[in-house]
Amino acid sequence: MNARGKAIESISSKNTVRGGTVDYREHSFVDLYATHVFHEGIQQQRLPVKVFESLQQTIKKGEELDRNIADAVATAMRDWAMEHGATHYSHWFQPLTGSTAEKHDSFLSPHEETRALARFSGSELIRGESDASSFPSGGLRATFEARGYTAWDPSSPAFLLKNPNGATLVIPTMFVSWTGESLDQKTPMLRSMDALNRQALRVLRVLGNMRVARVECTLGVEQEYFLVDKRLAALRPDLMVVGRTLFGARPSKGQELDDNYFGAIPERVLAFMAEVEYELMLLGVPIKTRHNEVAPGQYELAPTFESTNLALDHQMLIMQLLQQVAQRHGFLCLLHEKPFAGVNGSGKHNNWSIGTDDGENLLEPGSTPERNTQFLIFCAAVCRAVHRHAELLRLSVASAGNDFRLGAAEAPPAIMSIHLGHVLSNIFQLLLENDKPVATGKKTRSRRNSEVEVSVHIGLPMIPRFPRHNGDRNRTSPFAFTGNKFEFRAVGSSQNSSGAVTILNTIVAESLDFIATRLETAKADGEDFPTAVRRLLVELIREFQPILFDGDNYSLEWLEESQRRGLPNLRNTVDCLPVLTSPESVELFGKYGVYSASELHGRQEILAEIYCTTIAIEAATMLKMSQTMILPAVLQHKANLQNVLTTPVQKKVLRELDEKIDLMITGIEKLKACVSGVRSEVSLLEKATYYRDSVLSAMYALRVIVDYLEGMTDDGLWPLPSYLELLFMR
């Protein structure tokens, strides 16, 4: 029996690995929530009153941090952490690798010859130092220019990560170079939140709202992922190295029967989910939903919405813990956007909204004309932003992995469009047609969760009517209004959502700036204000109308229609790369202080380099697997058949096998030639274009023939676990 057979036998015998168990009869999950977080309640208990109040002013109102309080905060953090078993602290940041980074420093400080003290100062809290040249910088830092700084982000609370020997105090930070350029995802995202706040306040002020002190965006991130048994995954170099299957014939059954979606969760998977949720609960991550996704072996986890900065930190923790806990349960967690060909890929739907510090959602329709005017203006600002900057929004979700997913019949296409739902679409249409105030009445009055005065009756006397939302959902739309928020569905499952949120915040800030300027000018000129608002709304609707589409984004008809409307269609990452450093992008991000020109050029280089490196690793893995695993198995199968196939009809099988083996060898040689044809002296953009057009094409051609050979080869000889085993064995 080969290694594949032994792995299958082991799984079939129920010899499965299981991690820790959680007994909520002993520990109420309500009491456990956020117990490993240095949150506001803990801060209030442990900090002097003036220090606590000063820190809250920084966190809640964005005021500059008073450095004089840093020592008191650091001492309180250290004491709290050590009471929970912490021996080290770490500045935790998000470099441009797509993941997180951490360096652990001990609290231990030698004192005299035989004693030691636990120390953690305010300066150590506020600033750390890391080797900036060892992280991607896109040319912002040379190898000999190594100094980089991590800077404490007080708006995201410190937390504890347990380990087998204690715990580590983890402090969310930003990461910048010695010269001040951002080398991370968090810094520009925080800048974009500040830009959005400033422009949104201008709009609210001109509308007469003087009570709001701060505007923030909120975010809820849905995370899709696959689980594969680790014993099977270990026999697949492609899964272990690149996170997706480079070979694999489609199974006789995939997701065609739609029987996996929301189906019963396998017991072993449920145990894994429960432990993930327990770990996240301790860290204050508000997980709300878990379920089977559409494809076999695919699942989803979703938290409730939070302030965006906190939600993005929590999103990175979710990905980290999914992968760590999966190992304890004998799984490999796959976050790649398209780990299996022919079945659904995985996304990360970002539910984004805008709210005020007094609890008002600016994207929720109100019950008064004033509230509805405010809602329509903010909604129109978002629509204008997506229309004017659709290419930037598409760029924000570009990656080698997401290229396989977008437009693949189960994910939104690369064409950016907006679904508003029939009620809101009709209101905008009426404004265009009548160019006069719209009586919103009951149709736009919103209850909690955007429910309206419309109910659904099932037709059974024992089932009461229940309210329905003011618009249907459109899962084919990349950017859909869902009642009081927009759902950006195009973000890839492995991506840090900070990049997409940074761009979205910035382009919406630009639209709000435009709107505020127009309305401020109208007021200064003494115009009738309701008339000025109405005229501006009509102008905005006419501008962004081409991007509104409530139909099937998967259809060929929409592809043709979008071309007639003049909407951009950037099909892959290489098409997106020039957008980042266009004069318009440099001006936009520079105006609002989100990215400097050098930071944009650096990020363009990093995106191109990661794209090229990803495909290069995949191609090398494919060559290794095809030459050392698959070809020997196929040749052995041929040798076995030669001894038993004797009749002319039987020898047809051998002739077909010979033809396919020749094609496979030819495909291997073609891929080798393409890989060796990469030129080092060309620009990264040219190199990325070559990888897309030549290397990826050769990889696809080789995969087609190998997948065909899988269906011809003795199953006992085939060395790779099949799709049937990977997707269905739990």
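- Note on residues 70-83: pairs passing side-chain hydrogen bond (donor to acceptor under 3.5 Å, both in side chains), not counting sequence neighbours, are R46-E83.
- Screening residues 492-512 for ring pair (Phe, Tyr, Trp, His ring centres under 6.0 Å) gives no qualifying pairs among residues at least two apart or on separate chains.
- Under a cut-off of 6.0 angstrom, the local environment of CZ in F305 is sparse, with at most 12 non-hydrogen atoms contributed by other residues, nucleotides or ligands.
- Relative orientation of the Y89 and F120 rings is tilted, given thresholds of 30° and 60° on the angle between their planes.
- Within the cation-pi definition used here (under 6.0 Å to the ring centroid, within 45° of the axis), R268 qualifies as a partner of F331.
- For K60, the side-chain contact (heavy atoms from CB on, under 4.5 Å) partners two or more places apart in sequence, or in a different chain, are E40, Q56.
- Classification of the H88-H104 ring pair by plane angle, with boundaries at 30° and 60°, yields tilted.
- Using a 30° and 60° split on the angle between ring planes, F135 and F93 fall in the perpendicular class, above 60°.
- Counted by atom type alone, N496 and Q94 present one or more donor-acceptor pairs between their side chains at under 3.5 Å.
- Side-chain atoms of T218 and E306 form no donor-acceptor pair, as typed in the model, at a separation below 3.5 Å.
- Between T100 and W92, some side-chain heavy-atom pair lies under the 4.5 Å cut-off.
- Judged by distance alone, the side chain of K186 and the main-chain N or O of T173 form no donor-acceptor pair under 3.5 Å.
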